[in-house]
Each structure stands twice: as C-alpha cells, then as structure tokens.
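This report refers to the structure that appears directly beneath it.
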There are 2 protein chains.
Amino acid sequence: MVAKKRTEMMAENRARLIAAARKSFAEKGFAGASMDDLTAQAGLTRGALYHNFGDKRGLLAAVVNQIDGEMATRAQKTGAQKTDPWDGLLAEGVAYIEMALDPEVQRIVLLDGPAVLGDPSQWPSQNQCLIETRNRVAQLIDQGVLKPVDADAAARLLSGAALNAALWIAASDSPADVLPKAREAFCALASGLRLGQP
Amino acid sequence: MVAKKRTEMMAENRARLIAAARKSFAEKGFAGASMDDLTAQAGLTRGALYHNFGDKRGLLAAVVNQIDGEMATRAQKTGAQKTDPWDGLLAEGVAYIEMALDPEVQRIVLLDGPAVLGDPSQWPSQNQCLIETRNRVAQLIDQGVLKPVDADAAARLLSGAALNAALWIAASDSPADVLPKAREAFCALASGLRLGQP
DNA sequence: TATTTCACATACCTACCGTATATGAAATTC
DNA sequence: GAATTTCATATACGGTAGGTATGTGAAATA
C-alpha cells in the first residue's frame with residue numbers, strides 16, 4: 001500500500017513527538033520548552049500533541065516512561081551479569097548512578113519528573129526502576145542475604161541514595177574525581193542491609 | 001518616629017513577600033503560583049517583588065533558604081540531644097525524614113527547589129541541611145566511628161535516602177504504617193557506614 | 001527648604017498553554 | 001465503488017502570566 005494505515009501513522013507521529021519532546025525537555029527543561037517549537041521540530045502542530053497526550057504533562061509522562069524503561073532494562077541486564085546476587089544488587093545501584101549522570105536523565109527523570117508528575121512511586125506508568133530494585137531486594141531478603149527489612153522501603157532508600165548521588169556528582173566541579181567516592185560510599189551504605197558479616 | 005525608616009520597611013516587605021510566596025508555592029506549586037496573586041496577598045504589587053528578588057526564581061530561592069535553615073537548625077538540635085554521636089547521626093536522619101513529611105517542605109524544597117534552582121549542593125544559599133550532616137559525618141569519621149569514606153559523598157547519600165523516603169511515605173496509602181518501615185530501613189542502611197561491628 | 005535617591009506601582013508587551021472549531025484523508029457502509 | 005462517517009491533525013482564538021520600561025511619591029541628604 002502506498003499510503004500508510006491510520007494506526008501506523010499515528011504511532012509514528014506519537015514516536016516523533018516523544019522524540020522531539022525528549023530533546024526539547026532535556027535542553028530547555030519542562031517549563032522552558034515550547035509546545036509550538038516542539039511540534040514544529042517533529043513536523044507537526046500542537047493539534048497532534050493535544051490529541052495524543054492530552055496536555056503538556058501527558059507528554060512529559062510519556063517521555064519519562066520511555067527513559068525510565070530504558071534505564072530499568074539496562075540496570076536489570078547489568079545486575080544479571082553478576083553471578084553473586086549481592087554483587088548484582090551493588091552493580092545495579094552503581095549502574096543507576098552512572099546512568100543518572102546523563103544530563104537528559106537528570107533534567108527529565110530526576111528533576112522535572114518528580115516536580116511535575118509527583119513522586120515516582122505513583123507515576124502513571126509505575127516507575128520501572130523502582131520495581132526492578134524492589135524485586136531484587138525482595139529476592140535477596142528471601143535468600144537470607146539481606147536483613148528482613150521492608151523491601152519497598154529498602155528499594156526506595158537505595159534508589160534515592162543512588163540518584164541523589166548522581167545529581168551531586170554532576171553538579172560537582174570534577175565529576176570524574178567524585179564518581180569513585182560516591183561509588184565507594186554507596187557500597188558501604190548498602191552493606192548496612194546485609195545480614196551477618198560487615 | 002511615626003514613620004518607619006526605609007530599611008525597616010523594606011525588610012518588612014521582604015518578609016511579607018516571602019511569607020506569601022511560601023504559602024502560595026506550597027499550595028499551588030511554583031509553576032502554578034501567580035505573582036499577581038502572591039503580591040496582592042502581601043498587600044503589594046509585582047513591582048516590589050521584582051525590585052527585591054529579581055525574578056520568580058529569586059523569590060523561590062529566598063523561600064527555600066528560609067525553610068532549609070529552619071530544617072537544619074531543628075535537625076541540629078535533635079541530633080545534639082543524643083549523647084552518643086552515632087545515635088545523634090541516626091536521630092538527625094530520622095528527623096529529616098519526619099520533617100520532610102510536611103507538604104510545604106516536600107513541594108517547595110524537595111520537588112520545586114531542585115527542578116527550578118538545580119541541585120541543592122549549588123543553591124545560592126548553600127543547602128544548610130547538607131552542610132549540617134556533612135559536618136556530623138566528618139566528625140564521626142575523625143572519631144573512628146564511621147568508615148573512612150568521603151564525607152561529602154556519605155552526607156549526600158544519607159540525605160538523598162532520607163528525603164526520598166519521606167516522599168515515598170507521603171505518597172503511600174497509609175503514611176502512619178509506612179513511616180516505621182522507612183525508619184528501620186534507614187537505620188539499617190546507615191549502619192553500613194559504621195566501622196567494626198554490624 | 002531644595003534636591004536626590006530609591007522602593008514600589010503602573011502600563012505594556014510578548015509568549016505560551018489550552019480549547020473550540022475546521023478540514024481532509026482513511027475507514028466503513030451500503 | 002460511491003456515499004457517508006470517523007477521526008487524526010491543523011487552524012484560530014482567548015485568557016493568563018512573567019518580565020521590562022517607565023512613572024511616582026516619600027524618605028534621605030545636603
């Protein structure tokens with residue numbers, strides 16, 4: 001068929017809008033991004049945007065969901081590479097720190113996301129990074145590796161520590177020097193959840 | 001003198017604007033707060049606001065600084081009540097969690113603050129909460145209570161964990177049930193920084 | 001008392017978000 | 001396959017808000 005089907009066109013336009021928004025939000029921040037500029041860069045107008053996403057918040061939610069999903073799968077893979085489950089949890093945490101050094105992640109997911117969409121635990125598309133670490137923590141608790149703390153609480157604390165560390169590193173004068181310090185401190189902190197030997 | 005001196009008037013007006021902004025930002029969020037409404041509630045106009053704070057961001061910075069200062073002094077007092085320095089650090093962390101349950105603190109300091117002003121470590125008025133915990137951590141490292149990790153990194157991780165925990169608690173269905181879980185997990189996590197016995 | 005300063009008010013401009021309406025090409029129906 | 005309906009996107013409009021330029025009147029100064 002020469003002309004694409006309607007659903008295909010719509011899916012493509014949605015993707016283009018999300019891509020343009022992702023770029024614009026990352027560069028100018030959510031508040032500073034103009035819907036007109038955004039849509040024009042995607043070769044569309046605001047009409048398409050409002051039809052697909054309802055409003056500016058809806059567009060941000062879609063962008064955040066995309067990035068969050070990418071981060072979660074990548075962290076999952078990183079953690080799965082380790083044979084020892086405990087090393088897996090640490091690797092996952094460090095992976096979050098390193099991924100969160102990306103300005104795009106910082107601006108969109110860590111700063112504007114919570115401010116506009118509220119706490120990550122109740123984002124429209126449940127924060128997949130949080131779910132991922134929660135599952136891993138719960139598994140380690142079952143295996144008797146971690147202290148029997150609440151899995152949701154532990155996951156949230158680990159995640160909060162890691163992502164805040166990334167913001168701190170990025171804001172520092174020399175991120176390269178600071179990253180290892182953060183990694184070391186994070187591993188020390190996380191070891192507090194371990195059962196038995198320090 | 002019947003008429004107040006100029007500097008007194010200006011200080012009073014600044015305080016009124018900050019108070020009105022604090023209320024408005026807390027209720028409607030930074031983006032949703034209107035400068036006209038704000039200043040009207042303070043019995044002034046936008047002229048006073050721009051003269052005193054430069055722009056909307058400047059006003060937010062002043063409000064954040066005020067709240068941050070209140071939090072830091074309160075945390076400092078809470079920590080000082082404990083005789084054991086280690087207990088003091090834990091108490092301070094828990095105090096941050098509890099203070100951050102205040103909707104005003106959440107909305108202004110934890111959500112809008114970082115999104116608008118950037119990372120807390122480089123706020124116009126250096127984040128006093130961070131400085132407070134950093135000093136306490138450094139002291140404990142000197143005393144040989146904590147592992148010799150980087151004090152800034154450790155403080156940032158602890159702070160991030162505590163404040164994210166508060167956001168999580170507040171967003172949960174029953175904060176009262178969740179708070180103790182978060183406290184327990186936080187103390188477990190923090191123990192990872194201790195030197196020697198678990 | 002005359003003059004200057006300056007804290008604040010007023011007026012204006014521009015940008016942008018959201019909505020209501022229009023349009024034209026698929027999709028459906030007969 | 002022609003007519004009709006659907007609907008994804010475009011266009012037009014209104015209201016609001018933030019920043020700036022300018023005005024003003026009272027306190028400070030000389």
Side-chain angles (χ1 to χ4, degrees), chain A residues 1-64 108 112 115-117, chain B residues 1-64 108 112-113 115-117 124:
Chain A
M1 65 190 67
V2 59
K4 290 181 181 174
K5 295 204 320 196
R6 224 173 184 185
T7 54
E8 286 174 354
M9 273 299 293
M10 199 170 175
E12 184 181 319
N13 284 343
R14 272 184 64 96
R16 293 171 61 152
L17 285 172
I18 290 177
R22 190 167 163 164
K23 186 179 175 188
S24 200
F25 289 162
E27 287 174 354
K28 307 176 185 176
F30 177 75
S34 159
M35 312 269 277
D36 277 317
D37 294 354
L38 244 189
T39 50
Q41 277 187 345
L44 297 166
T45 69
R46 293 216 324 269
L49 202 160
Y50 280 95
H51 186 73
N52 279 283
F53 302 100
D55 61 354
K56 204 180 182 184
R57 282 183 80 237
L59 180 60
L60 177 63
V63 173
V64 162
I108 299 178
D112 285 332
V116 176
L117 305 174
Chain B
M1 65 191 69
V2 57
K4 290 180 182 174
K5 294 201 330 194
R6 225 174 183 181
T7 54
E8 286 174 356
M9 275 298 294
M10 198 171 177
E12 184 182 318
N13 284 342
R14 272 183 64 97
R16 293 171 62 147
L17 286 172
I18 291 178
R22 190 166 163 164
K23 185 180 176 186
S24 199
F25 288 162
E27 287 174 356
K28 308 176 184 177
F30 177 76
S34 159
M35 312 269 277
D36 276 318
D37 294 354
L38 243 189
T39 49
Q41 277 187 346
L44 297 165
T45 68
R46 295 216 322 269
L49 203 159
Y50 280 96
H51 186 72
N52 278 284
F53 301 100
D55 60 355
K56 204 180 182 184
R57 281 183 79 238
L59 179 60
L60 176 63
V63 172
V64 162
I108 300 179
D112 285 333
V116 176
L117 306 175

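By convention in this document, chain letters (A, B, ...) are assigned in the order of the sequence lines, proteins followed by strands, and residues within each chain are numbered from 1. Just so it is clear, the values below take in all heavy atoms, side chains as well, and ignore hydrogens, waters and symmetry mates.
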Using whole Å, what does the distance between atom C1' of nucleotide dA7(C) and atom CZ of F53(B) come to?
13 Å
Treating N52(B) as the side-chain partner and A48(B) as the backbone partner, does any N or O pair qualify as donor plus acceptor under 3.5 Å?
yes
Reckon N52(B) has a side-chain N or O less than 4.0 Å from the OP1 or OP2 of dC8(C)?
yes
Return the value, rounded to whole Å, for the distance between atom OH of Y50(B) and atom P of dG18(D).
6 Å
Across the strands shown, which category fits L49(A) at heavy-atom distances under 4.0 angstrom: base, sugar-phosphate, nothing?
nothing
So what does T45(B) touch, heavy atoms closer than 4.0 Å: a base, only the sugar-phosphate, or nothing?
base
Using a heavy-atom cut-off of under 4.0 Å over every strand shown, decide if A31(A) touches base, sugar-phosphate, or nothing.
nothing
Could you tell me whether A42(A) contacts a base, only the sugar-phosphate backbone, or nothing, with contacts defined as non-hydrogen atoms closer than 4.0 Å?
nothing
Taking for each residue the nucleotide of DNA chain D bearing the nearest heavy atom, is the 5' side occupied by T7(B) or by D36(B)?
D36(B)
Is there a donor-acceptor pair under 3.5 Å between the side chain of K56(A) and the backbone N or O of F30(A)?
yes
Any donor-acceptor pair, under 3.5 Å, between the side chain of R46(B) and the base of dC8(C), if you only look at N and O atoms?
no
Is the distance from OP1 or OP2 of dT9(D) to the nearest side-chain N or O of N13(A) less than 4.0 Å?
yes
Phosphate OP1/OP2 of dC8(C) contacted by H51(B) side-chain N/O (<4.0 Å)
no
